[in-house]
Chemist: 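Have a look at the structure that comes next, please.
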Amino acid sequence: MAAETWRQLLGQLVPTPSARRKLSQEHQIGLRTLERWISGETEEPNFALLERLLEAFPVQRDRLVLLIQKEFPGFHPLIQADQQSGRIPATFYARILESYTHVAEPLRFWTITNLIFEQMLPILDAENRGIEIVIVQATRPMPGRPVRSLYENVGTGTTPWPQTLASRTLFLGAESLAGYVVSTAQPAVVQASEPTSRIPVTWTAHEMAAAALPLQIGGRIAGCLLVSSTQADFFTPAVQQALHHYSNLLTLAFAPADFYDLSAIALARMPEPSQQQSLLGYFPRRVSTLMAEQGISRQVAEERTRQEMEDELLRQRADTETETSNHDAF
Amino acid sequence: MMPFDPSPTPIKPEKDNENHYFIDLSTDTETSRLLAQARLITRGTGGILTEHSATDLAACHRVLDIACGPGSWALEVAARFPDKSVTGIDISRRMIEFAQSQAASRQLLNAEFLVMDATKPLRFADASFDLVNARLLAGFLPKSYWPTLLAECRRLLSPGGIVQVTDHEIMQTSSPAMQHYLRLVTRALWLADQTFSPDGLQLGMLARLGPLLREAGFLDVQHAAYGLDCSAGTSLYQDMAEDNTIAFKLVQPFLLKMGVSSQEELDRLYQQAMTQQQDAGYCALLLLATVWGRAPA
């Protein structure tokens with residue numbers, strides 16, 4: 001049941017004695033004070049202590065402030081929401097740095113991205129409204145060529161999106177939001193309700209807003225972090241700040257060779273997802289064949305298969321365009 | 001010169017002699033794998049605590065998760081049921097620190113995590129919990145410890161409280177190399193006395209869980225069985241393939257230590273297994289069972 005007062009909401013947030021004890025200890029709010037707040041004693045609470053309460057619940061912060069102000073119109077928190085919910089705990093940074101320095105290279109990408117997803121997902125979507133987080137990576141080019149496409153490498157999500165990307169490893173190019181962000185090395189946020197001609201976006205079902213942030217070190221780019229939401233107003237300044245921190249952390253998952261100078265990136269336009277599907281269906285089989293025939297690792301086989309498929313998709317697109325222009329000529 | 005001052009809360013290294021877990025815990029790769037594995041199992045079995053009626057669950061206020069690892073199951077319970085107080089224990093400080101930080105980040109004030117060795121008496125008073133959960137214990141628990149652990153669960157449960165144990169049988173696949181590799185793992189666990197198999201060909205866990213609970217004095221013992229189809233083209237395939245890719249690497253030191261294979265053989269089998277699981281016709285089925293019973297009133 002939705003809480004009508006901040007006291008009811010607080011009671012729902014800490015329903016058990018052990019939870020109240022923990023909140024009391026971790027945020028230096030007296031247990032007796034907490035009990036009084038929840039039970040509804042009418043005295044005006046200490047506003048400094050209420051600020052501590054807001055610190056404890058960054059996700060419910062706005063609602064708490066609104067409800068507290070209904071009872072105490074004079075309450076105006078000094079610390080702004082952006083300063084709180086964009087924070088990532090120092091212990092988490094330490095943990096990722098430790099994986100960066102201690103985990104062997106072939107396992108590092110998987111380890112770091114999984115840990116970061118585990119941290120991001122429940123915090124960014126605490127109310128299970130639906131988000132998808134995808135790491136889009138530059139397709140390694142053949143020697144002497146520029147980066148011509150990106151691919152969806154790993155991802156996770158909450159309903160209505162699947163929990164994992166599974167076999168959806170689409171190629172993206174200049175026609176996509178990810179492509180725009182990688183090509184400009186600038187983050188972008190777009191809303192389905194506010195179409196813009198400047199940024200190319202293809203909206204998928206359920207997607208009401210999307211953000212993409214480049215994954216870069218010193219101007220060299222590996223790809224981007226792509227986040228979609230079912231909520232049009234999802235990407236508040238606080239969420240954008242958090243994504244900025246996560247995108248910085250995610251760069252540690254990549255090997256130095258995965259980063260490219262901006263001048264070495266010349267993305268082409270890739271075919272529509274529906275036109276890619278028939279080819280991508282063969283991806284696992286072609287990887288398996290390469291591994292068996294050449295005795296190479298899965299990672300290398302996947303990289304070569306992607307390069308071949310990128311070539312095939314670009315040829316397919318060129319053929320379609322030639323056909324269309326021939327039709328037009330008639 | 002000032003002495004080296006590490007960060008205020010360093011992640012403490014795991015000591016090998018502290019536990020029997022068969023995979024190295026000195027980095028977060030296993031943490032990461034267990035997180036992904038927990039998601040896979042929860043998805044494959046249709047969710048958490050689905051075996052119990054709403055009435056039964058309403059009576060469970062205090063929940064204990066034994067060998068909770070990085071806390072996935074306990075955190076999920078804490079998030080889904082804010083009225084329940086959830087405690088997770090694990091011998092690994094690294095896992096517990098991760099679970100604690102997750103609980104803090106997610107503001108789950110009803111979840112706590114403690115370092116505790118499940119093979120020793122647990123530091124809780126009698127009848128401290130209404131539900132005790134344990135998932136996939138074969139990775140660290142010697143066969144002979146099961147009766148002791150279940151007796152401890154009974155001590156910790158309130159009258160009528162529920163114990164539930166989930167375990168698995170070794171996966172069946174169409175890949176000859178993967179089957180060979182899985183047999184090596186099974187044999188190594190058997191040699192380490194961590195399976196109930198009479199001959200080391202299977203884990204033998206599923207058949208024993210029910211009788212173990214009954215022997216420990218639990219009543220109304222029931223079970224739910226799950227078959228997770230992880231074949232190519234299924235929704236679980238990619239996650240299971242990823243788990244195999246990581247786990248087969250991480251388990252190698254254990255296989256070598258138990259003397260069931262050589263590094264050369266493992267390298268060759270690994271490459272073949274990874275190739276074969278990419279085949280379009282690859283088939284894989286993972287069998288799991290949850291067995292539960294009640295403490296006598």
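Letters A, B, ... mirror the listed sequences (proteins, then strands); counts begin at 1. Everything quoted here is computed from the prediction, not taken from an experiment.
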Chemist: Only pairs of heavy atoms separated by less than 4.5 Å count here; which of B/R39, B/Q107, B/Q272 has the most with chain A?
Modeler: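 When all of B/R39, B/Q107, B/Q272 are compared, B/Q107 has the most.
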Chemist: Among B/Q276, B/R106, B/E30, B/K249, which residue forms the greatest number of heavy-atom pairs with chain A at distances under 4.5 Å?
Modeler: B/R106
Chemist: Does this structure show an ion pair linking B/R62 with B/E112, if we count only N-O contacts that are shorter than 4.0 Å?
Modeler: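 Salt bridge: no.
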Chemist: Is it the backbone or the side chain of B/Y270 that comes under 4.5 Å from a heavy atom of chain A, or both, or neither?
Modeler: neither
Chemist: A/L34 versus A/H27: any side-chain heavy-atom pair under 4.5 Å?
Modeler: no
Chemist: Ring-plane angle category for A/H245 and A/Y93, please: parallel below 30°, perpendicular beyond 60°, tilted otherwise.
Modeler: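 A/H245 vs A/Y93 ring planes: perpendicular.
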Chemist: Which residue out of A/E26, A/K22, A/R20 racks up the most heavy-atom pairs below 4.5 Å with chain B?
Modeler: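 Most heavy-atom pairs under 4.5 Å with chain B: A/K22.
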Chemist: Pairing donors with acceptors under 3.5 angstrom, does anything connect the side chains of B/S85 and A/T16?
Modeler: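 Judged by distance alone, the side chains do not pair up.
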Chemist: Whether B/E76 and B/R80 form a salt bridge (side-chain N of Lys/Arg under 4.0 Å from carboxylate O of Asp/Glu) is what I want to check.
Modeler: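 Result for this pair is yes, salt bridge flagged.
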Chemist: Roughly how far, to the nearest 0.5 Å, is OG of A/S39 from CZ of A/R7?
Modeler: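 Reported value, rounded in 0.5 Å steps: 7.5 Å.
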Chemist: When only pairs under 4.5 Å are counted, which of B/L75, B/L236, B/L35 shares the most heavy-atom pairs with chain A?
Modeler: B/L35
Chemist: Report which part of A/R298 has an atom under 4.5 Å of a heavy atom belonging to chain B: side chain, backbone, both, or neither.
Modeler: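 For A/R298, side-chain heavy atoms alone lie under 4.5 Å from chain B.
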Chemist: Do you know which of A/R285, A/H102, A/Q163 has the most heavy-atom pairs with chain B at a distance under 4.5 angstrom?
Modeler: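 Ranked by contacts with chain B, first place is A/Q163.
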Chemist: Counting heavy-atom pairs under 4.5 Å with chain A, which one of B/A79, B/S101, B/A111, B/A104 comes out on top?
Modeler: B/A111
Chemist: As an exercise: rank B/N110, B/T27, B/T29 by heavy-atom pairs under 4.5 Å with chain A and give me the winner.
Modeler: B/T29
Chemist: With only heavy atoms counted, which part of B/L108 is less than 4.5 Å from chain A, the side chain, the backbone, both or neither?
Modeler: backbone
Chemist: Please state whether the side chain, the backbone, both or neither of B/R43 comes within less than 4.5 Å of a heavy atom of chain A.
Modeler: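 Side chain only.
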Chemist: For the interface with chain A, which of B/D279, B/D83, B/I246 has the highest count of heavy-atom pairs at distances below 4.5 Å?
Modeler: B/I246
Chemist: Looking at A/T113, A/V14, A/I296, A/T156, which one has more heavy-atom pairs under 4.5 Å with chain B than the rest?
Modeler: A/I296
Chemist: Hey, which of A/V103, A/N114, A/N128, A/L107 has the most heavy atom pairs under 4.5 Å with chain B?
Modeler: A/N114
Chemist: Under 3.5 Å, is there a donor on one side chain and an acceptor on the other for A/T111 and B/D28?
Modeler: no
Chemist: Does OH in A/Y100 sit with more than 12 non-hydrogen atoms of other residues, nucleotides or ligands closer than 6.0 Å?
Modeler: no
Chemist: So, is the end of the A/R95 side chain (NZ or CZ) under 6.0 Å from the ring centre of B/F98 and within 45° of the ring's axis?
Modeler: no
